[in-house]
Amino acid sequence: MTRTEIRTLSLASLGGALEFYDFVIFVFFTTVIGKLFFAASLPDWVRQTQTFGIFAAGYLARPLGGIVMAHFGDIRGRKRMFTLSVLLMAIPTLLIGFLPTYQSIGIAAPLLLLALRIMQGIAIGGEAPGGWVFVAEHARRGRVGFAVGLLTGGLSFGILLGSLVATVLNIACTPTQISGGLWRIPFVLGGIFGFIAMFLRRWLEETPVFEELRLRAAVSRELPLRIVLRDYRRAITTSILSTWTLTAAIVVVILMTPSLLQKLFHIVPRDAQMANLAGTATLCISTVLIGAAIDRFGIRRIAFPASLLLIAATYGLYIGAASMPSALLPLYALAGIGAGGVVVLTPILMIQAFPPPVRFSGVSFSYNIAYAIFGGITPLLVSWLAHLSRFAPAHYVAVVSALGLIAIFAASTPRKGQDGHTSLKERSES
């Protein structure tokens with residue numbers, strides 16, 4: 001890669017990691033937050049479900065931010081919206097770190113927490129779609145998979161960073177100390193991280209693809225989302241189904257499983273966090289490797305083994321937690337590899353599905369609508385199903401992974417040259 005490509009991918013990935021840390025740090029402290037922000041008289045499972053409900057509210061708010069930022073990203077440029085999303089994330093994250101608890105202000109505490117979580121959802125709505133489009137359009141032809149995989153690894157590193165902070169806090173401090181106020185530290189750090197990410201993105205340049213669109217006067221003069229809804233319905237459908245699989249891999253396997261292992265199998269919090277740390281680390285690495293493999297072999301040849309690995313590894317993780325807790329760490333690491341394989345398939349599929357003039361809007365609409373629906377209901381649904389069966393989370397991942405695999409094979413085969421760059425002459429003049 002050239003020095004410019006290295007700088008662009010590095011800054012985009014690091015900024016995405018810091019912003020995703022802000023969004024996901026909430027889930028690592030759901031047990032503590034549930035005790036502090038809801039009435040003590042409620043049963044534990046009710047408080048946990050309500051806390052996951054507030055976590056899910058962030059997903060429900062994603063389409064609003066994603067659609068608005070994508071519109072201006074297709075009209076005004078990718079870079080501006082890519083930078084704005086970080087600022088909109090840093091502010092509510094910092095405020096959560098200073099929020100009074102239920103004991104101090106009563107019912108106002110969960111309501112304020114809900115409002116700030118919605119603000120986070122609006123900000124994150126433009127982050128992942130904007131980042132994928134940005135790096136894909138900066139990458140040279142034939143390296144789009146690697147570029148998207150690297151950014152996805154960066155976003156996943158934000159989850160790893162959150163897991164690492166939570167693990168260190170659980171190892172170094174007692175539950176009483178964490179409940180007493182130390183839980184606030186990760187959120188304050190997140191706010192600081194957000195402002196650092198915003199500063200880093202000032203050094204990025206607009207994508208060559210958008211600059212060429214602007215020079216050729218090929219920027220969409222019609223509302224981009226209207227074009228997407230009218231002309232790309234099949235691409236929307238397959239993108240939404242594929243994103244559903246992504247939500248299962250991230251929300252269930254990576255974000256919810258540490259809490260579920262503690263609740264369902266009585267795994268010690270420290271052991272669950274350490275295993276999750278290993279799984280998230282392998283997730284970060286596998287997204288890059290599998291993205292590069294897609295460049296070489298194509299998305300369909302990689303999709304089947306990646307989906308099969310996620311299903312088998314998730315069942316192995318939950319069965320191992322029930323019968324062989326000592327093997328939890330390697331089992332979680334394997335599940336992380338499976339999750340990484342599935343996670344990187346979705347953005348590459350979407351990048352190929354939409355042409356440059358409406359790409360940001362197409363990717364953002366499909367991704368955020370899917371995440372609002374499936375990412376929003378998944379924490380609540382899986383929590384309820386887990387109340388009925390300890391292996392319900394693995395069943396859920398298996399079913400959704402099968403649907404995602406069908407979507408990839410049902411997607412239209414991209415035209416020659418239709419990667420992150422696409423033949424602009426062919427697509428923008430058609």
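Note that this is a predicted model, so its numbers are computed, not measured.
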Original post:
Between Tyr315 and His395, what is the ring plane arrangement, given parallel below 30°, perpendicular above 60°, and tilted in between?
Top reply: tilted
Original post:
Considering residues, nucleotides and ligands other than Phe409, do more than 12 of their heavy atoms fall under 6.0 Å from its CZ?
Top reply: yes
**OP:** Please determine, by modelled atom types, if Thr257 and Tyr318 share a side-chain donor-acceptor pair under 3.5 angstrom.
**Re:** yes
Subject >> Ser364 (side chain) donor-acceptor with Ser361 (main chain) under 3.5 angstrom >> reply: no
Original post:
Are any non-hydrogen side-chain atoms of Leu113 and Ile33 less than 4.5 angstrom apart?
Top reply: yes
Original post:
Can you check whether Val165 reaches Tyr21 side chain to side chain, under 4.5 Å on heavy atoms?
Top reply: yes
**OP:** Mind listing the closest non-hydrogen atom pair of Ala306 and Val342 along with its distance?
**Re:** O-CG2, 3.9 Å
Original post:
Short question: side chain of Arg234, backbone of Ala410 - any donor-acceptor pair under 3.5 Å?
Top reply: yes
Subject >> Side chain proximity check, Ser85 to Met69, heavy atoms < 4.5 angstrom >> reply: yes
Original post:
For Ile267 and Ala272, which heavy atoms make the closest approach, and how far apart are they?
Top reply: CG2-N, 3.8 Å
**OP:** Could you tell me whether a side-chain N or O of Ser389 sits under 3.5 Å from a main-chain N or O of Ala386, the two making a donor and an acceptor?
**Re:** no
Subject >> Pairwise side-chain contact, Leu116 with Gln120, heavy-atom cut-off 4.5 Å (strictly under) >> reply: no
Original post:
Taking atom types as modelled, is there a side-chain donor on Thr378 or Trp244 under 3.5 Å from an acceptor on the other?
Top reply: no
Original post:
Got more than 12 heavy atoms from elsewhere within 6.0 Å of NZ, Lys35?
Top reply: no
Original post:
Do Thr287 and Thr152 have side-chain atoms, one donor and one acceptor, less than 3.5 Å apart?
Top reply: no
Subject >> Nearest atoms (heavy-atom pairs only) where Leu261 meets Ala321 >> reply: CD2-CB, 3.7 Å
Original post:
With distance as the sole test, does Ser13 use its side chain to make a donor-acceptor pair with the main-chain N or O of Ser10 at under 3.5 Å?
Top reply: no
Subject >> Heavy atoms of other groups near Met256 CE, more than 12 under 6.0 Å >> reply: yes
**OP:** For the pair Asn276 (side chain) and Ile254 (backbone), establish whether a donor and an acceptor sit closer than 3.5 Å, ignoring hydrogens and angles.
**Re:** yes
Original post:
With a 4.5 Å limit on heavy-atom distance, are the side chains of Pro186 and Phe29 in contact?
Top reply: yes
Original post:
Would the number of heavy atoms belonging to other residues, nucleotides or ligands and lying under 6.0 Å from CZ of Arg230 be above 12?
Top reply: yes
**OP:** Run the numbers on Phe354 and Trp132 for ring-ring contact (aromatic ring centres under 6.0 Å, His included), then give the verdict.
**Re:** CA-CA 13 Å; Phe354 300 100; Trp132 287 323; over 10 Å; no
Original post:
Can Glu205 and Thr8 be counted as having a side-chain donor-acceptor contact under 3.5 angstrom?
Top reply: no
Subject >> Closest non-hydrogen atom pair, Ser401 against Thr245 >> reply: CA-CG2, 3.8 Å
Original post:
Is it the case that Arg117 places NZ or CZ above or below the six-membered ring of Phe26, under 6.0 angstrom from the centre and within 45 degrees of the axis?
Top reply: yes
Original post:
With a cut-off of under 6.0 Å to the ring centre and 45° to the axis, is Arg62 in cation-pi contact with Tyr371?
Top reply: yes
Subject >> Trace of the side chain to side chain contact (heavy atoms under 4.5 Å, CB included) decision for Val86 with Phe195 >> reply: CA-CA 7 Å; Val86 182; Phe195 288 109; over 6 Å; no
